[in-house]
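All remarks here apply to the structure that follows.
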Amino acid sequence: MCPTPASADCRNAAKSVLFEAMAENADESKIPEQFLKAYAPQEHEAAIYQAWEESGYFDPDNLPGERPETFSMVLPPPNVTGTLHMGHASMLAIEDAFVRFERMRGKKTLWLPGTDSAAIATQAKVEKQLEKEGTNRGELGREAFLTRVNAFAHESQATILGQTKAMGSSLDWSRLAYTLDDARTRAVSTAFVRMYEAGLIYRGDRIVNWDPKGQTVISDDEIVHEERTATLYTFRYAKDFPIPISTTRPETKVGDTAVAVNPDDERYQRYIGQEFDLTFCDVPLHIKVVADAGVDPAFGTGALGVTPAHSHIDWEIAEKNGLPRPSVINEYAKMTVEGRLSGLKVGAAREAVVAWLAEEGLLEKQEDIAQNVATAERTGGIIEPMPKLQWFIDVTKPFVIPHSAIPGIESGATVTLKQLMRAAVESKAVRIFPDNFDTTYYHWIDNLRPWCISRQIWFGHRIPVWYRGEERYCGTEAPEGDGWEQDPDTLDTWFSSGLWTFSTLGWPDATPDLEAFHPTSMLETGYDILFFWVARMILMSAFHLGTVPFRTVYLHGLVRDEKGRKMSKSLGNIIDPLTMIEKYGADATRLSLLIQNTPGTDLKLAEARVKGYKNFANKIWNITRFVLTSVAGADLAAAPAYTADDGALIAEFDALARDVTDHIERYRIDLASDMLYHYIWHRFADEIIEASKPILADDDAEAIRSRQQALYAILAGFLKLLHPFMPFVTEAIWQALPQKDAELLMIAPWPVRAA
RNA sequence: GGGCGAUUAGCUCAGUUGGUUAGAGCGCACGCUUCACACGCGUGAGGUCACAGGUUCGAAUCCUGUAUCGCCCACCA
């Protein structure tokens, strides 16, 4: 609509059709036609969104006036292949409320949209499609498969973006980013190379979490522990072995190289240091008895069979004691040893070992215990810890940080990534809200192990390392010369997500956007990805830019059903935001996700609430009808001359406006929106309007004029205050107002000046 | 095992630094086609603020403990 929104011509052109219709009808007895019936959101929302988009004001560079202060925020990128659910809707409602507030307050606001390739999830979807077609990725080959996945991702993207717009999100679409587009790919490989050169990314043969179902390695954070009952078997390796051991996984014992006991355990002290040769289930073992303070004398027999290759803790014990770490299970969760267990799946192998133990008279006890089984979040596969050659980020290795703007960390200081992550929050350079999540964050950092970043899937950012025989090359482009093979693995999706606040602003180039908008003002996201994403962004920004990625982290809760259960297909309790928008409008949907949605706490949502807020939108519509009818013919442009009563009403409204502003500044948009709702319905409509009727019907011309001005001023004022929460209905009404200080409410000045 | 949070009206939840008779939405009861609105208006019922102590002139709010529920983290094999 307005290619150059600042021009006078354009301002005229921006006048809505509705406004013109009203102006023509300036007959005193008439009000704009659309107010003669109830508010129907469906008739307005699409046109209003289009008008906003065409105004160009979503783009900070097009905003009118001097805007020395900026406000920037990235949209947590939804999966390209996803559809909008209540979690997204809640996130969009909250973020849009903040952005619209800051835009109206006169800041140069950027809310940057993007989509996420969601590597494993997306690849899995396409693989499922292929399965239906009777083929698989192996048959297709890497290149053809990737073409297929990219096409699918691209096609799906339009769905989620369209749905995002339906919520009224004032995102700057001109800066739309995608985790796998060229700019982001360049950022990712640059980041990898720089961390590799700093020695923080290394390739190592370490014990990792292998998901046999997904056929890939996953990070510690992608594991979910499921409680199950397991059988704890107590037995000896052999008749002449002095110490009985207990385990829930007898099949792994063919990989044992030691038995660990507590150094203070008197029962076993005399065996410490002794070594035994024996045959266990056809497999020859060499077992050394070692001491380890981590062994609990009270559990089982107080002796731990050490299986270095298939248990994280055993791996560490073996490392400390210089023990060999033979692997006995392969990527398909099958046994690799010779003898009766050869080639068996771990489950079958377990039964075979137990049978053998019973046969040999070695089994002493079996009992049921509750156990936490590690499973893969995505596939549900049971994790097999095993040693593999993978890429890691070392979070504890000291390095020299060339430049740091993080308080407490000097430029040129020797630091670790862990220290940087801690300092960012401890110094309050990043504020987490609500702040009780600080503790959780520190706890996570303190327990952090090397972050495994390589994945054995095809869809994602390929690791920028090439091999030729013994040679290795790491760079953003393939090396010159023949015979180089690129590493087949891709990067953990959170590696690229970690760069998001600055890769979307043009990094590694020193762009004006990066200069203007980084660190971003706020990151709004769910508390469930505090570790996955928030912490990784702090890590990446600290390393690559020496600064924090954002000033404030606003953590929202999850949207649950009215009984507090997670929404899921199987429970059939999903409330679809698009259905809600269709039935009750985007404003009602937004408000139901904002009012009384306490930060950091889960929200229980019932459809009745959404319906209630649709009624509220209609209430405002009717209030407008009353006010416009009441002020018809009044000179609204004239300087107000209020009676004492009306002066008090205005003062009361100003106080409300300040309170609302305070609440938003303190991130309590739940309270701000609640307060507005209450004022508009129960104060303005129920009391002020009712009290105005006799005044307007009387014949005191001065009192009438004063009240007309007051009613109109308060209406125009609360439309502004309410706009961040209910943008559509407020804008629709604004377009019909006869006297206003901005053509679009979206950029109208906020009634309270920034402090 | 460690950490975080919750417990306020039938249901879902607010209650910002302690301050009059603790609020809202939905639901409920009764009455209203009152000329902005039945997507509404008015009136009303409904709470020993989980429990037990403590601090205070004063506690839903601060402190200590208990109970119940929920979540996160963790290498009891």
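- When both distances must be under 3.5 Å, the Watson-Crick or G-U wobble mate of B/A29 is B/U43.
- Remark: B/U68 base-pairs with B/A6. Criterion, Watson-Crick or G-U wobble with two distances under 3.5 Å.
- Of all heavy-atom pairs spanning A/Ala309 and A/Pro326, the tightest one is CB-O, 3.1 Å.
- Between B/C41, B/A24, B/A36, one nucleotide has an atom nearer to the side chain of A/His682 than all others, and that is B/A24.
- Pair assignment for B/A24 gives B/U12, based on Watson-Crick or G-U wobble hydrogen-bonding distances that are each under 3.5 Å.
- As judged by a 4.0 angstrom heavy-atom cut-off over every strand, A/Lys611 is placed among residues making no nucleic acid contact.
- The nucleotide whose nearest atom lies closest to any side-chain atom of A/Lys619 is, among B/C39, B/C41, B/C73, B/C41.
- For B/C41, one of the phosphate oxygens OP1 or OP2 lies less than 4.0 angstrom from a side-chain nitrogen or oxygen of A/Trp681.
- Of the candidates B/C73, B/C39, B/G3, the closest approach to any side-chain atom of A/His443 belongs to B/C73.
- A/Lys604 comes within contact range of the sugar-phosphate backbone alone, with a heavy-atom separation under 4.0 Å but no base atom that close.
- Neither OP1 nor OP2 of B/C72 sits under 4.0 Å from any side-chain N or O of A/His225.
- The nucleotide whose nearest atom lies closest to any side-chain atom of A/Gln371 is, among B/C73, B/A77, B/C39, B/A77.
- Using a 4.0 Å heavy-atom distance criterion, A/Thr598 is classed as a sugar-phosphate-only contact.
- Across all strands, A/Asp296 comes closer than 4.0 Å to base atoms (heavy-atom distances).
- Counting any heavy atom pair closer than 4.0 Å across all strands shown, A/Ala685 reaches a base atom.
- Ring geometry, A/Tyr677 versus A/Tyr613: the interplanar angle exceeds 60°, so the pair is classed perpendicular (tilted spans 30 to 60°).
- Using a 30° and 60° split on the angle between ring planes, A/Tyr527 and A/Phe437 fall in the parallel class, below 30°.
- In the set B/G40, B/C73, B/C37, B/G40 carries the atom at the smallest distance from any side-chain atom of A/Asn615.
- Using a 3.5 Å distance cut-off with no hydrogens or angles, the side chains of A/Thr229 and A/Asp368 do not pair a donor with an acceptor.
- The side chain of A/Arg668 lies closest to B/A14 when the candidates are B/A36, B/C26, B/A14.
- You'll find that the side chain of A/His678 is closest to B/A24, out of B/A24, B/A36, B/C39.
- For A/Ile272 against A/Ala291, the heavy-atom pair with the smallest separation is CD1-CB, 3.8 Å.
- In this model, a donor atom of one side chain and an acceptor atom of the other lie less than 3.5 Å apart for A/Trp444 and A/Asp221.
- Using a 4.0 Å heavy-atom cutoff across all strands shown, A/Ala606 reaches no nucleic acid atom at all.
- Residue A/Val295 is in base contact, counting any heavy-atom pair closer than 4.0 Å across all strands shown.
- For an aromatic pair to be called close, the ring centres must be under 6.0 Å apart, and A/Phe653 with A/Phe718 fails this.
- As judged by a 4.0 angstrom heavy-atom cut-off over every strand, A/Asp686 is placed among residues touching the sugar-phosphate backbone only.
- Taking atom C1' on both B/A59 and B/A77, the two are 50 Å apart, rounded to the nearest angstrom.
- The side chain of A/Asn618 approaches B/C39 more closely than any other nucleotide in the set B/G15, B/C39, B/U12.
- No contact: A/Ile317 has no heavy atom under 4.0 Å from any strand.
- Remark: B/G53 base-pairs with B/C63; criterion is Watson-Crick or G-U wobble with both hydrogen-bond distances under 3.5 Å.
- Across B/C4, B/G25, B/A77, the shortest atom-to-atom separation from the side chain of A/Tyr677 is found for B/G25.
- Within the 4.0 angstrom heavy-atom criterion, base atoms lie near A/Glu690.
- Here the side chain of A/Leu671 is nearest to one of B/A77, B/U16, B/C41, namely B/U16.
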